[in-house]
Amino acid sequence: MYNILVCDDDKEIVDAIDIYLTKEGYNVIKVYDGLSAIDVIKSRNDISLLLVDIMMPGLDGIRTTLRVREMSKIPIIILSAKSEDSDKIIGLDVGADDYITKPFNPLELIARVKSQLRRYTLLGAMPQTGDHIYSIHGLTINDDRKEVTVDGEQVKLTPYEYNILLLLMKNPGKVFSINNIYEAVWGEEAFAADNTVAVHIRHIREKIEINPKEPRYLKVVWGVGYKID
């Protein structure tokens, strides 16, 4: 049983999402503001995914996402009536994993929730056994512990950031196109994936590089893609 936290100040939308997800066998926890969502995540360790609206009074969805990312790596899907790329980029930039524009198709919502839960379970949270440690010039991933360190200092990555870095670290020197990265990490056919991948790459650089503008590890091959070298 997955526990899905739904946060939106529009109670009708929350109730509709509750109906869709309950029919799929999920347990839905409903809140109507960002502070309540944060309180739930602080008080419970069994929340599997957060659906959060961007436009809310008080603590909006962007700031809520930022606060949640300080304490949890659960998947976050942002809901918004806005469709501009800038809003999508901001949401991804602060740590969201996906973005759905209102009004949304219930089947699309369910598909995206299932996709995020599947990836989080298989890629982001499931413990593994064996000695899976990858290291290049002070940058190390311990895939058993899901830990990333740079010169011994631990770095916190979101599940997608982690999986992008793991893909590149497993294949040092190999260049991956944006579509290669998206299809390997998101598990879907790449369609207009440039912004999504670029935002995550920039975040990774900000966290692992001393000077992101002159990267030591994560390098771009112009017109081709990215590599760890």
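Below, all heavy atoms of this structure are taken into account, side chains as well, without hydrogens, waters or symmetry copies. Sequential numbering from 1 along the given sequence is applied to the chain's residues.
Of the inter-residue distances, the one linking Asp194 atom CG with Ile201 atom CD1 reads 12.0 Å to the nearest 0.5 angstrom. Annotation: the span from Ile62 atom CD1 to Met56 atom CE amounts to 9.5 Å, rounded to 0.5 Å. In this structure, CG in Asn163 is found 12.0 Å from CD1 in Ile181, a value given to the nearest 0.5 Å. For the atom pair CD1 (Ile133) and CE (Met169), the distance works out to 11.0 Å, reported to the nearest 0.5 Å. Taken to the nearest 0.5 Å, the CD1 atom of Ile77 stands 7.5 Å off from the CG atom of Leu79. Atoms OG1 and CD, from Thr140 and Glu153 in turn, are 12.5 Å apart once rounded to the nearest 0.5 Å.
The pair Arg69-Asp97 meets the salt-bridge criterion, with a side-chain N (NZ, NE, NH1 or NH2) lying under 4.0 Å from an Asp/Glu carboxylate O. Using a 4.0 Å cut-off between a side-chain N of Lys or Arg and a carboxylate O of Asp or Glu, Asp60 and Arg63 qualify as a salt bridge.
Taking all atoms of both residues into account, the shortest heavy-atom contact from Tyr99 to Ser80 is OH-CB, 3.6 Å. Of all heavy-atom pairs between Pro172 and Ile136, the closest is CB-CD1, 3.7 Å. Taking every heavy atom of both residues into account, Leu167 and Ala184 meet most closely at CD2-CB, 3.9 Å.
Cluster annotation: Ile19 and Val6 are assigned to distinct hydrophobic clusters (Ile/Leu/Val/Met/Phe/Trp/Tyr, side-chain heavy-atom contacts under 4.5 Å, transitive). Hydrophobic clustering keeps Val185 apart from Val175 (ILVMFWY residues linked when any side-chain heavy atoms are closer than 4.5 Å, directly or through intermediates). Placement of Ile17 and Leu107 in two distinct hydrophobic clusters is found when ILVMFWY residues are connected by side-chain heavy-atom separations under 4.5 Å, directly or transitively. Following chains of ILVMFWY side-chain contacts shorter than 4.5 Å, one cannot reach Ile210 starting from Leu139, and the two form parts of different hydrophobic clusters. Using a 4.5 Å cut-off between side-chain heavy atoms of Ile, Leu, Val, Met, Phe, Trp and Tyr, with links allowed through other members, Val220 and Val197 fall into the same hydrophobic cluster.
Using a distance-only test at 3.5 Å, with no hydrogens or angles considered, a donor-acceptor pair links the side chain of Glu161 to the main chain of Thr158. With hydrogens and angles ignored, the 3.5 Å screen pairs no side-chain donor or acceptor of Ser72 with any backbone N or O of Val68. A donor-acceptor pair under 3.5 Å links the side-chain atoms of Lys73 to the main chain of Leu157, judged by distance alone.
Taking the ring-ring contact (aromatic ring centres under 6.0 Å, His included) definition, one finds that Tyr182 meets it with Trp186, sequence neighbours left out. With sequence neighbours excluded, the residues forming a side chain to side chain donor-acceptor pair (under 3.5 Å) with Arg202 are Asp93, listed by chain and number. Scanning for side chain to side chain donor-acceptor pair (under 3.5 Å) contacts around Asn180 gives Ser177, with sequence neighbours left out. Evaluation of the side-chain contact (heavy atoms from CB on, under 4.5 Å) rule for Arg216 yields His137, Asp151, Glu209 as partners, not counting sequence neighbours. For Arg205, the side chain to side chain donor-acceptor pair (under 3.5 Å) test picks out no residue, with sequence neighbours left out.
Other residues, nucleotides and ligands place no more than 12 heavy atoms under 6.0 Å from the CD atom of Glu214. Counting heavy atoms of neighbouring residues, nucleotides and ligands inside a 6.0 Å radius, atom NZ of Lys219 exceeds 12 of them. No more than 12 heavy-atom neighbours from other residues, nucleotides or ligands sit within 6.0 angstrom of CZ on Arg145. Remark: Asn105 CG is packed, more than 12 non-hydrogen atoms of other residues, nucleotides or ligands lying under 6.0 Å away.
Using a 4.5 Å cut-off on side-chain heavy atoms (C-beta onward), Leu117 and Ser48 make contact. Side-chain contact between Gln116 and Tyr160 is present, with at least one heavy-atom pair separated by less than 4.5 Å. When side chains are defined from C-beta on, Ile76 does not count as touching Asp98, because their heavy atoms never get closer than 4.5 Å. Counting heavy atoms from C-beta on, the side chains of Met71 and Lys42 come closer than 4.5 Å. Using a 4.5 Å cut-off on side-chain heavy atoms (C-beta onward), Asp10 and Asp53 make no contact. Side-chain contact between Leu49 and Leu5: absent, with no pair of heavy atoms (C-beta onward) separated by less than 4.5 Å. For the pair Leu51/Arg112, no side-chain contact is recorded, criterion being any heavy-atom separation below 4.5 Å from C-beta on. Residues Glu147 and Gln154 form a side-chain contact, since some pair of their non-hydrogen atoms from C-beta on lies under 4.5 Å apart.
Among Val155, Thr149, Leu168, Val148, the single residue meeting the side chain to side chain contact (heavy atoms under 4.5 Å, CB included) criterion with Ile141 is Val148.
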Problem - Step-by-step side chain to side chain contact (heavy atoms under 4.5 Å, CB included) determination, Asp9 to Met55 - result: CA-CA 8 Å; Asp9 61 314; Met55 300 299 292; over 6 Å; no
Exercise for the section: Could you go through the side-chain hydrogen bond (donor to acceptor under 3.5 Å, both in side chains) check for Tyr162 and Asp143 one step at a time? Expected result: CA-CA 10 Å; Tyr162 178 89; Asp143 197 34; 2.4 Å; yes
Exercise for the section: Just do the side chain to side chain contact (heavy atoms under 4.5 Å, CB included) check on Ile178 and Tyr226 with the steps written out, would you? Expected result: CA-CA 8 Å; Ile178 285 175; Tyr226 300 95; 4.0 Å; yes
Problem - Trace of the side chain to side chain contact (heavy atoms under 4.5 Å, CB included) decision for Ile100 with Ile78 - result: CA-CA 6 Å; Ile100 300 178; Ile78 284 182; over 6 Å; no
Problem - Audit row: Ile208, Leu165, side chain to side chain contact (heavy atoms under 4.5 Å, CB included) steps and yes/no - result: CA-CA 10 Å; Ile208 69 172; Leu165 186 60; 4.3 Å; yes
For residues 21-34, run the donor-acceptor check on the side chains, cut-off 3.5 Å, and write out each pair with its distance to 0.1 Å, sequence neighbours left out.
{"unit_1": "Thr22", "atom_1": "OG1", "unit_2": "Asp18", "atom_2": "O", "d": "2.6"}
{"unit_1": "Thr22", "atom_1": "OG1", "unit_2": "Asp18", "atom_2": "OD1", "d": "2.8"}
{"unit_1": "Glu24", "atom_1": "OE1", "unit_2": "Lys114", "atom_2": "NZ", "d": "3.1"}
{"unit_1": "Asn27", "atom_1": "ND2", "unit_2": "Asn3", "atom_2": "OD1", "d": "2.8"}
{"unit_1": "Lys30", "atom_1": "NZ", "unit_2": "Asp15", "atom_2": "OD1", "d": "3.1"}
{"unit_1": "Lys30", "atom_1": "NZ", "unit_2": "Asp18", "atom_2": "OD2", "d": "3.4"}
{"unit_1": "Asp33", "atom_1": "OD1", "unit_2": "Leu35", "atom_2": "N", "d": "3.2"}
{"unit_1": "Asp33", "atom_1": "OD1", "unit_2": "Ser36", "atom_2": "N", "d": "2.8"}
{"unit_1": "Asp33", "atom_1": "OD1", "unit_2": "Ser36", "atom_2": "OG", "d": "3.0"}
{"unit_1": "Asp33", "atom_1": "OD2", "unit_2": "Ser36", "atom_2": "OG", "d": "3.0"}

